[in-house]
There are 2 protein chains.
Amino acid sequence: MGLAKTEIFSNKQNQIASYSKVFGHPARVAILEYLFDKNACICGDLVDEIGLAQPTISQHLRELKQLGLIKGNVEGTSVCYCIDKEKWTEMKQVMLAFLDQDIVADSKCC
Amino acid sequence: MGLAKTEIFSNKQNQIASYSKVFGHPARVAILEYLFDKNACICGDLVDEIGLAQPTISQHLRELKQLGLIKGNVEGTSVCYCIDKEKWTEMKQVMLAFLDQDIVADSKCC
DNA sequence: TAACAACATTGCAATAATACGATTAATCAT
DNA sequence: ATGATTAATCGTATTATTGCAATGTTGTTA
């Protein structure tokens, strides 16, 4: 039905899924990498840098902003986006706990 | 259009997006956590464990299998799934490189 | 104030994802 | 062989996502 049954899963599981979902599009990965690379707030160059239309970029930025991973400062007529470091660290904790699950050696099969 | 323009992004960016996408649903997160927790191949208990119908679970398992993150061994009438450790480690490298991007202290704003 | 610049929003078309009933395929038990 | 069990696949309804043209909003500049 296109609608995930989030209510039957734990908060942690839904949180991991939410973070992952936002990373699940290469444009958003590219935006974040660009923001990291510049290590400073950048503004409208994202549209030129990534080959997507302005409304599309704006939409991706909004999703990143909704999760709190980026912040936007209005600077005159342009808006300056950058990584929210606290939130990024917080997200990283959650994701690492998931990715770093112990792989015990003696599994029964496979 | 519902169709991501993957061709304008790098292989690495698309790879990160692919891994993230598969983690972008709580059911698949739950399946993986259960597989890790049991540290042994389990079969149809996933249907009982997670509250989704059998075809739905089977569909999620297929997506995980397509990415290579899990393996399935046929054991009689049931199928035994477990984490593919090599592939998991490989995936972890890629994801960590993305998550661990340097957050330099002296950013210009925000 | 009027024109402009930079983004955000809206609306829409096209495709993808989610979920499950029904069915099929394979194996086991008798 | 027959029936039961397990899981994969098919078909389909429903919702979500992606992308962009058109338009709106806000602040700047002449």
Side-chain angles (χ1 to χ4, degrees), chain A residues 1-9 13-14 17-31 34-35 41-67 70-82 109-110, chain B residues 1-9 13-14 17-31 34-35 41-67 70-82 109-110:
Chain A
M1 311 183 170
L3 174 57
K5 288 188 160 182
T6 55
E7 69 277 6
I8 67 174
F9 301 103
Q13 287 164 341
N14 281 313
S18 295
Y19 285 136
S20 299
K21 202 177 209 172
V22 90
F23 298 146
H25 194 290
R28 291 188 289 262
V29 172
I31 288 173
Y34 190 71
L35 288 176
C41 297
I42 44 109
C43 317
D45 357 74
L46 280 168
V47 177
D48 304 322
E49 185 67 19
I50 303 174
L52 293 173
Q54 180 265 323
T56 308
I57 297 290
S58 192
Q59 197 173 332
H60 285 307
L61 285 170
R62 182 165 58 172
E63 292 178 60
L64 290 168
K65 203 161 46 175
Q66 273 173 350
L67 265 190
I70 65 173
K71 289 185 288 190
N73 279 8
V74 177
E75 292 199 351
T77 122
S78 55
V79 180
C80 221
Y81 284 103
C82 63
C109 59
C110 298
Chain B
M1 311 184 169
L3 173 59
K5 289 189 159 181
T6 55
E7 69 277 7
I8 67 174
F9 301 104
Q13 287 164 340
N14 283 312
S18 295
Y19 285 136
S20 299
K21 203 177 210 171
V22 91
F23 298 144
H25 193 290
R28 291 189 289 264
V29 172
I31 288 173
Y34 191 71
L35 287 175
C41 298
I42 44 111
C43 319
D45 349 82
L46 280 168
V47 177
D48 304 322
E49 186 67 19
I50 304 172
L52 292 173
Q54 180 265 322
T56 309
I57 296 290
S58 193
Q59 198 173 328
H60 285 307
L61 285 170
R62 182 167 57 173
E63 291 179 60
L64 290 168
K65 203 160 49 174
Q66 272 173 351
L67 265 190
I70 66 173
K71 291 185 287 190
N73 277 8
V74 178
E75 291 199 350
T77 119
S78 54
V79 179
C80 216
Y81 284 102
C82 66
C109 58
C110 297

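We name chains A, B, ... by the order of the sequence lines, and we start the count at 1 in each one. On a predicted model such as this, the values are computed, not experimentally measured, just so you know.
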>> Tell me the interatomic distance from A:I57, atom CD1, to C:dA6, atom C1', rounded to whole angstroms.
In response: 14 Å
>> Using the side-chain contact (heavy atoms from CB on, under 4.5 Å) criterion, which residues pair with A:T56? Sequence neighbours excluded.
In response: A:L52, A:A53, A:H60
> Just how far, in rounded Å, is P of D:dA8 from CG of B:L64?
Replying inline: 12 Å
>> I need the CZ-P distance between B:F23 and C:dA17, as an integer number of Å.
In response: 16 Å
> Taking only side-chain nitrogens and oxygens of A:K21, does any of them come within less than 4.0 Å of OP1 or OP2 of C:dA17?
Replying inline: no
> OP1 or OP2 of D:dA8 less than 4.0 angstrom from a side-chain nitrogen or oxygen of B:S58, does that happen here?
Replying inline: yes
>> Heavy-atom nearest nucleotide on DNA chain C for B:R28 versus B:V74: which residue maps closer to 5'?
In response: B:R28
> Which salt bridge (Lys or Arg N to Asp or Glu O under 4.0 Å) pairs, counting each pair once, include a residue from residues 17-28 of chain B, with sequence neighbours left out?
Replying inline: B:R28-B:E63
> Residues two or more places apart in sequence or in another chain: which of them pass side chain to side chain donor-acceptor pair (under 3.5 Å) with B:Q59?
Replying inline: none
>> Please confirm whether the shortest side-chain N or O distance from B:Y81 to OP1 or OP2 of D:dA8 is below 4.0 Å.
In response: yes
Under 3.5 Å, which protein N or O atoms sit close to an N or O of nucleotides 19-25 of chain C? Give each pair with its distance.
| from | atom 1 | to | atom 2 | distance (Å) |
| --- | --- | --- | --- | --- |
| C:dA19 | OP1 | A:K5 | N | 2.8 |
| C:dA19 | OP1 | B:H25 | NE2 | 3.4 |
| C:dA19 | OP2 | B:H25 | NE2 | 3.0 |
| C:dA19 | OP2 | B:H60 | NE2 | 3.0 |
| C:dA19 | O4' | A:M1 | N | 3.2 |
| C:dA19 | N7 | B:Q59 | OE1 | 3.4 |
| C:dC20 | OP1 | A:K5 | NZ | 2.5 |
| C:dC20 | OP2 | B:A53 | N | 3.1 |
| C:dC20 | OP2 | B:T56 | OG1 | 3.2 |
| C:dC20 | N4 | B:Q59 | OE1 | 3.3 |

>> Run the side-chain contact (heavy atoms from CB on, under 4.5 Å) test against A:Q54 and tell me which residues pass, sequence neighbours left out.
In response: A:V47, A:S58
>> How many whole angstroms separate atom CD of B:E75 from atom C1' of D:dA8?
In response: 17 Å
> Hey, what do you get for CZ (B:F23) to OG (A:S18), rounding to the nearest 0.5 Å?
Replying inline: 15.0 Å
> Rounding to a whole Å, what distance do you find between A:K71:NZ and C:dC7:C1'?
Replying inline: 20 Å
> Between B:E63 (CD) and C:dA17 (P), how many Å, whole number?
Replying inline: 7 Å
>> Check this one for me: any side-chain N or O of A:R62 less than 4.0 Å away from OP1 or OP2 of C:dA8?
In response: no
> Can you check whether B:L61 reaches B:L46 side chain to side chain, under 4.5 Å on heavy atoms?
Replying inline: yes
> For the pair made of CG in B:N73 and P in C:dT27, what is the distance, rounded to whole Å?
Replying inline: 14 Å
> With sequence neighbours left out, which residue pairs that include part of residues 43-52 of chain B fulfil the salt bridge (Lys or Arg N to Asp or Glu O under 4.0 Å) condition?
Replying inline: none
